[in-house]
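Order of the sequence lines fixes the chain letters, A, B, ..., with proteins taken first and strands second; residue numbering starts at 1 for each chain.
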Amino acid sequence: MKVNILHSWELSYTRAADLQRELALRIIRENHVDRHSLRHVAGTDVSYSRATNRCYCGVSVLSYPDLNVVLEETAVVEATFPYIPGLLSFREIPGLIDVFEALRITPDLIIVDGQGLAHPRRLGLACHLGLILDIPTIGCAKSRLIGEHEMPAATKGAQSDLLDKGEKVGVVLRSRTGVSPVYVSIGHRIDLTTAAELVLNCCPKYRLPETTRAAHRLVYSLMREHEQQ
DNA sequence: GCGACAG
DNA sequence: ATCTTGTCGC
């Protein structure tokens, strides 16, 4: 599919942070997802090899609402940008761009493994990727980057607000009864209520969305065969 | 200065 | 994320 690169990926911390504040102004917080015409939901993930300094990137496209894998694509690139909290997208997106350029389907929605709006400058990985692909995205992270919240009830579906400086930037969602919650925030072209609802619909059995689980299996097995471990 | 800190 | 086996609990 077509990808708008938007900018360079070799930046200093200050330049990258400035760029994030600038790009954040372009994020569309209104819902553009029609849950009734939703057919293809994608999940992305990246695995790293400490030994070879390589990134294994992948996307799994699943049918919705039955959640079966219909198409997958991968890419292997050298890691250039280091992991810096708040700048994750500069580390992971270059490889993901390769993946989406090779993908023969344009997903209706992407659930990203990381934060969206729940970011210090309101441009987490999900927002950044959504802008570049111009596709609705949701950030679904396994742990917190910023914000305060109470713990939601232990029952699946329970949620509590994630607040940062008084702004509601996401929800802490119990995607499965009795396990630690996930952090959901909007990426691009969707609203928080719809985002939480769709993430829940993608978690019929486990804590993480089936999209994320499929993408994780994809890149992890790819790394294993490439590294011969 | 100190602690926090997606993957 | 990765380094790594078994083990506690529903």
Side-chain angles (χ1 to χ4, degrees), chain A residues 9 13 16-17 20 23-24 27 43-60 74-97 99 110-131 137-149 154-156 162-165 169-188 192 195 199 205-209 211-229:
Chain A
W9 296 97
Y13 184 100
Q20 290 180 321
L23 294 177
I27 293 299
T44 59
D45 195 30
V46 179
S47 286
Y48 300 93
S49 164
R50 199 185 66 171
T52 63
N53 190 44
R54 276 193 284 228
C55 293
Y56 295 85
C57 313
V59 57
S60 294
T74 61
V76 184
V77 301
E78 287 301 308
T80 47
F81 211 88
Y83 170 67
I84 299 171
L87 297 184
L88 178 64
S89 62
F90 292 88
R91 177 168 171 78
E92 301 207 336
I93 288 186
L96 289 176
I97 285 177
V99 170
I110 304 171
I111 299 179
V112 178
D113 67 318
Q115 312 292 348
L117 198 74
H119 176 278
R121 291 167 293 280
R122 305 294 182 263
L123 197 88
L125 174 60
C127 296
H128 204 159
L129 187 63
L131 267 184
T137 55
I138 295 171
C140 181
K142 295 180 292 298
S143 61
R144 187 195 70 94
L145 175 59
I146 57 148
E148 306 106 42
H149 67 87
T155 314
K156 177 176 181 174
L162 180 61
L163 305 171
D164 181 47
K165 298 179 241 173
V169 295
V171 294
V172 185
L173 176 69
R174 196 74 70 169
S175 52
R176 181 183 179 179
T177 298
V179 304
S180 49
V182 293
Y183 294 76
V184 178
S185 56
I186 69 162
H188 188 44
L192 188 54
V199 165
K205 192 164 162 50
Y206 300 100
R207 179 196 181 214
L208 297 182
T211 42
T212 302
R213 288 165 42 78
H216 190 271
R217 284 194 297 270
L218 177 68
V219 300
Y220 194 72
S221 58
L222 177 68
M223 181 169 75
R224 275 181 33 218
E225 65 181 53
H226 271 240
E227 312 253 332
Q228 308 288 305
Q229 288 184 46

Rounded to whole Å, please give me the gap between [atom1] in [X] and [atom2] in [N].
X: A:Leu87; N: B:dA4; atom1: CG; atom2: P; answer: 20 Å
X: A:Ile146; N: B:dG7; atom1: CD1; atom2: P; answer: 14 Å
X: A:Met223; N: B:dG7; atom1: CE; atom2: C1'; answer: 13 Å
X: A:Asp45; N: B:dA6; atom1: CG; atom2: C1'; answer: 12 Å
X: A:Gln115; N: B:dA4; atom1: CD; atom2: C1'; answer: 14 Å
X: A:Ile111; N: B:dA6; atom1: CD1; atom2: C1'; answer: 16 Å
X: A:Asp164; N: B:dA6; atom1: CG; atom2: C1'; answer: 14 Å
X: A:Phe90; N: C:dA1; atom1: CZ; atom2: C1'; answer: 19 Å

Under 4.0 angstrom, heavy atoms only, what part of the nucleic acid is A:Gly86 near: base, sugar-phosphate, or nothing?
base

Would you classify A:Ile93 as touching base, sugar-phosphate or nothing, given that sugar-phosphate means primed atoms plus P, OP1 and OP2, and contacts are heavy atoms under 4.0 Å?
nothing

Taking OP1 and OP2 of B:dG7, is either one under 4.0 Å from a side-chain nitrogen or oxygen of A:Ser47?
no

Under 4.0 Å: is that the gap between some side-chain N or O of A:Lys142 and OP1 or OP2 of B:dG7?
yes

Is [X] reaching over with its side chain to a backbone N or O of [Y], donor-acceptor style, under 3.5 angstrom?
X: A:Arg176; Y: A:Lys156; value: no
X: A:His149; Y: A:Leu163; value: no
X: A:Arg144; Y: A:Tyr183; value: no

Applying the 5.5 Å / 30° rule, does A:Tyr83 stack onto the base of B:dG7?
yes

Give, for atom CD of A:Glu92 and atom CG of A:Asp45, the distance between the pair rounded to the nearest 0.5 Å.
7.5 Å

Side-chain atoms of A:His119 come closest, of B:dG7, B:dA6, C:dA1, to B:dA6

Closest listed nucleotide, where the reference is the side chain of A:Arg144 and the choices are B:dA4, C:dA1, B:dA6:
B:dA4

Validation row: A:Val171, A:Pro181 side chains within 4.5 angstrom (heavy atoms):
no

